[in-house]
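Quick notes on the structure that follows.
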Amino acid sequence: MSNEPMTHQEKIERMYRHTDALGISRGTVAPPAWRLMWKLGLEVPPPLFAPFLPMALAMGGFFAVGWGLLMWLGFWARQGMPLAGMFVSALAAGVLFGLIMAGIYRHLARKHGLPAWAEYRGTP
């Protein structure tokens, strides 16, 4: 393996090969929001390689916004739910989802012995 640093895209490709060999699905390794961020040029670490708190915040934030919008469009607008109630409900759902998902990702990372993204070199 070369001593030259890998680009973010090279690390992503190596990670896909590595996690495929471990039997981890690509949907778990790279959720849609992460694939979108990578296509937009953001070099964020994949969920399996991110620390707990940033992962909880990212997952919870995406979920809170998406779920909140869907609930507003589907139910809350017609029910006349107050804005504060909508905000608190979406925030609570986001916090719960973020904590659960970050816990799942940290468990998978420990189970497979995956390091932090900065130290990741993949498999040759």
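Computed over heavy atoms, backbone and side chain alike; hydrogens, waters and symmetry mates excluded.
Side-chain N or O atoms of K11 include one that pairs as donor or acceptor with a backbone N or O of W117 at under 3.5 Å. A donor-acceptor pair under 3.5 Å is absent between the side-chain atoms of R106 and the main chain of P51, judged by distance alone. A distance-only check finds a donor-acceptor pair linking the side chain of R35 to the backbone of A30 [under 3.5 Å]. A donor-acceptor contact shorter than 3.5 Å links the side chain of W34 to the backbone of P45. In this structure a side-chain-to-backbone donor-acceptor pair under 3.5 Å is missing from T19 to L22. Judged by distance alone, the side chain of T28 and the main-chain N or O of I24 form no donor-acceptor pair under 3.5 Å.
Checked against the 6.0 Å centroid threshold, W67 and W76 count as a close aromatic pair. The aromatic ring centres of W72 and F87 sit 6.0 Å or more apart.
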Practice prompt. Please step through side chain to side chain contact (heavy atoms under 4.5 Å, CB included) for the pair W38 and Q9, ending with a clear verdict.
Written response: CA-CA 9 Å; W38 295 336; Q9 188 58 42; 5.5 Å; no

Item to complete: Give the intermediate values and the outcome of side chain to side chain contact (heavy atoms under 4.5 Å, CB included) for residues R14 and M6.
Response: CA-CA 10 Å; R14 189 168 280 200; M6 288 184 277; 3.9 Å; yes

Item to complete: Decide side chain to side chain contact (heavy atoms under 4.5 Å, CB included) for F52 and L99; before the verdict, give the C-alpha distance in whole Å, the side-chain angles of both, and the deciding distance to 0.1 Å.
Response: CA-CA 8 Å; F52 182 87; L99 291 173; 4.0 Å; yes

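Tracing side-chain contacts under 4.5 Å through hydrophobic residues (I, L, V, M, F, W, Y), one never reaches L96 starting from L91; they form parts of separate clusters. Cluster membership for L83 and L73, using ILVMFWY side-chain heavy atoms within less than 4.5 angstrom, is shared. By the criterion of side-chain heavy atoms lying less than 4.5 angstrom apart, applied directly or through intervening Ile, Leu, Val, Met, Phe, Trp or Tyr residues, M81 is grouped together with F75 in one hydrophobic cluster.
For G68 against A90, the heavy-atom pair with the smallest separation is CA-CB, 4.0 Å. A pairwise comparison of heavy atoms in M59 and P31 identifies CE-CG, 4.1 Å as the closest pair. Between V44 and M37 the shortest heavy-atom distance is CG2-CE, 3.8 Å. Considering every non-hydrogen atom in both P46 and V29, the closest pair reads CB-O, 3.9 Å. Of all heavy-atom pairs between P47 and Y105, the closest is CB-CE2, 3.4 Å.
By the 4.5 Å side-chain criterion applied to Ile, Leu, Val, Met, Phe, Trp and Tyr, L36 is assigned to a cluster that also includes L40.
Distance check: L48 CG to K111 NZ gives 11.0 Å after rounding to the nearest 0.5 Å. The distance from atom CD1 of I12 to atom CZ of R17, rounded to the nearest 0.5 Å, is 11.5 Å. Taking NE2 of H8 as the start and CG of L42 as the end, the distance is 9.0 Å to the nearest 0.5 Å.
By the 30° and 60° cut-offs, the orientation of the rings of F63 relative to F97 is parallel. Ring planes of Y120 and H18: parallel class, angle under 30° (limits at 30 and 60°).
Scored by the side-chain hydrogen bond (donor to acceptor under 3.5 Å, both in side chains) test, R26 finds D20 as partners (sequence neighbours excluded).
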